[in-house]
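Computed from a prediction, not measured in an experiment: that's the story for all the values here.
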Amino acid sequence: MRENTLRTLWARDQAALNGWLAIPNGFSAEVMAHQGWDTLTIDMQHGVIDYPAMVSMLQAISTTPTVPIVRVPWLEPGLIMKTLDAGAYGVICPMVNTREEAQRFVAYTSYAPRGTRSFGPVRALLYGGADYPAHANDTIVRFAMIETAQALDNLDAILSVEGLDAIYVGPSDLSLALGCTPTFDDVDPKVAQAIDHIVARALAHGVRAGIHNGRSDVAKARIAKGFRFVTVGADARLLAAGSQQLLAEMRRG
């Protein structure tokens with residue numbers, strides 16, 4: 001089966017640099033994949049991407065060594081299983097608030113006897129290889145998002161779920177949940193304290209921690225604190241930022 005190099009990086013205690021995809025287009029995904037990202041996450045929760053677009057984007061990413069990850073809209077078994085059948089090598093599930101929800105998520109992403117994933121890896125066989133069914137449970141990476149006050153209260157219970165590989169912090173939703181202004185980087189002290197607590201508890205449980213960032217300096221600082229999966233750029237934001245920079249240079253006089 002094709003190697004999941006995200007797991008390889010983690011085995012070396014190295015951080016993965018993750019790019020974010022919100023544009024529903026195979027060519028833009030292919031361009032991003034050819035820039036050298038360790039992983040790329042297709043955002044089906046807040047982006048404008050539907051299932052057929054996601055499949056074309058997975059196909060585009062597979063032309064490179066970049067590991068394809070999908071953030072699904074919700075803890076819904078049908079779409080989670082179809083996402084894996086399409087060839088995603090990692091799934092990020094939003095709003096996981098309890099141990100029971102984390103257990104369900106692991107079950108949905110695992111074949112029996114570990115879980116309840118239905119068998120039908122149509123494109124996953126092409127991407128992962130003919131022996132995909134035998135190794136999928138140990139190859140797929142499962143991220144539960146920690147982004148609510150309830151999840152904070154249940155953090156240790158969530159982190160103790162067998163088969164959960166990683167957690168992913170959404171700073172904006174976490175900020176909202178704690179009564180603060182939503183942002184990625186310059187979070188309020190209350191949120192910064194919560195983020196430090198999350199990564200410390202994840203490390204204590206042997207679970208990898210990821211987080212969304214807007215700036216590279218913030219991402220580097222969070223790697224130093226123990227995060228091993230950092231999102232540092234999104235296709236739409238990079239497109240806008242590059243255009244703004246070029247236009248500012250042209251209009252400078």
Please report the interatomic distance OH(Tyr89) to CD(Glu3), rounded to the nearest 0.5 Å.
9.0 Å
With heavy-atom distances below 4.5 Å as the criterion, would you say the side chains of Ile69 and Phe143 are in contact?
yes
Arg222 (side chain) donor-acceptor with Ile195 (main chain) under 3.5 angstrom:
no
Under the salt bridge (charged side-chain N to carboxylate O under 4.0 Å, His left out) definition, can you give me all pairs with a residue in residues 108-117, not counting sequence neighbours?
Asp85-Arg117, Arg114-Asp138
Mind jotting down which residue pairs meet the side-chain hydrogen bond (donor to acceptor under 3.5 Å, both in side chains) criterion with at least one end in residues 69-78? Sequence neighbours excluded, please.
Asp43-Arg71, Gln45-Arg71
Does Asn213 reach the main-chain N or O of Val232 with its side chain, forming a donor-acceptor pair under 3.5 Å?
no
Using atom types as modelled, flag every donor-acceptor pair under 3.5 Å from a side chain in residues 148-164 to any protein atom, sequence neighbours excluded.
from   : atom 1 : to     : atom 2 : distance (Å)
Thr148 : OG1    : Asn97  : OD1    : 2.5
Thr148 : OG1    : Ala151 : N      : 3.0
Asn154 : ND2    : Asn97  : O      : 2.8
Asn154 : ND2    : Gln150 : O      : 3.2
Asp156 : OD1    : Arg201 : NE     : 2.9
Asp156 : OD1    : Arg201 : NH2    : 2.9
Asp156 : OD1    : His205 : NE2    : 2.7
Ser160 : OG     : Arg99  : NH1    : 2.6
Ser160 : OG     : Asp156 : O      : 3.4
Ser160 : OG     : Ala157 : O      : 2.8

Once the angle between the rings of Trp20 and Tyr168 is folded into 0 to 90°, is it parallel (under 30°), tilted (30 to 60°) or perpendicular (over 60°)?
parallel
Okay, side chain of Thr66, backbone of Ala33: is any donor-acceptor separation there less than 3.5 Å?
yes
For a 4.5 angstrom cut-off between non-hydrogen side-chain atoms, does Ser110 reach Arg142?
yes
Hey, does the side chain of Thr139 reach the backbone of Ala136 with a donor-acceptor pair shorter than 3.5 angstrom?
no
Backbone N or O of Leu17 within a donor-acceptor pair of the Asp38 side chain at under 3.5 Å?
yes
Can you tell me if CZ on Arg215 sees more than 12 non-hydrogen neighbours from other groups inside 6.0 Å?
yes
Return yes when atom CZ of Phe27 has more than 12 non-hydrogen atoms of other residues, nucleotides or ligands closer than 6.0 Å, and no otherwise.
no
Any donor-acceptor N/O pair, Asp185 side chain to Val218 backbone, under 3.5 Å
no
Check whether any side-chain heavy atom of Thr63 lies under 4.5 Å from a side-chain heavy atom of His34, and answer yes or no.
yes
Check whether NZ of the Lys or CZ of the Arg Arg2 lies under 6.0 Å from the centre of the six-membered ring of Tyr127 and within 45 degrees of that ring's axis.
yes
Are the side chain of Lys190 and the backbone N or O of Cys180 linked by a donor-acceptor pair below 3.5 Å?
no
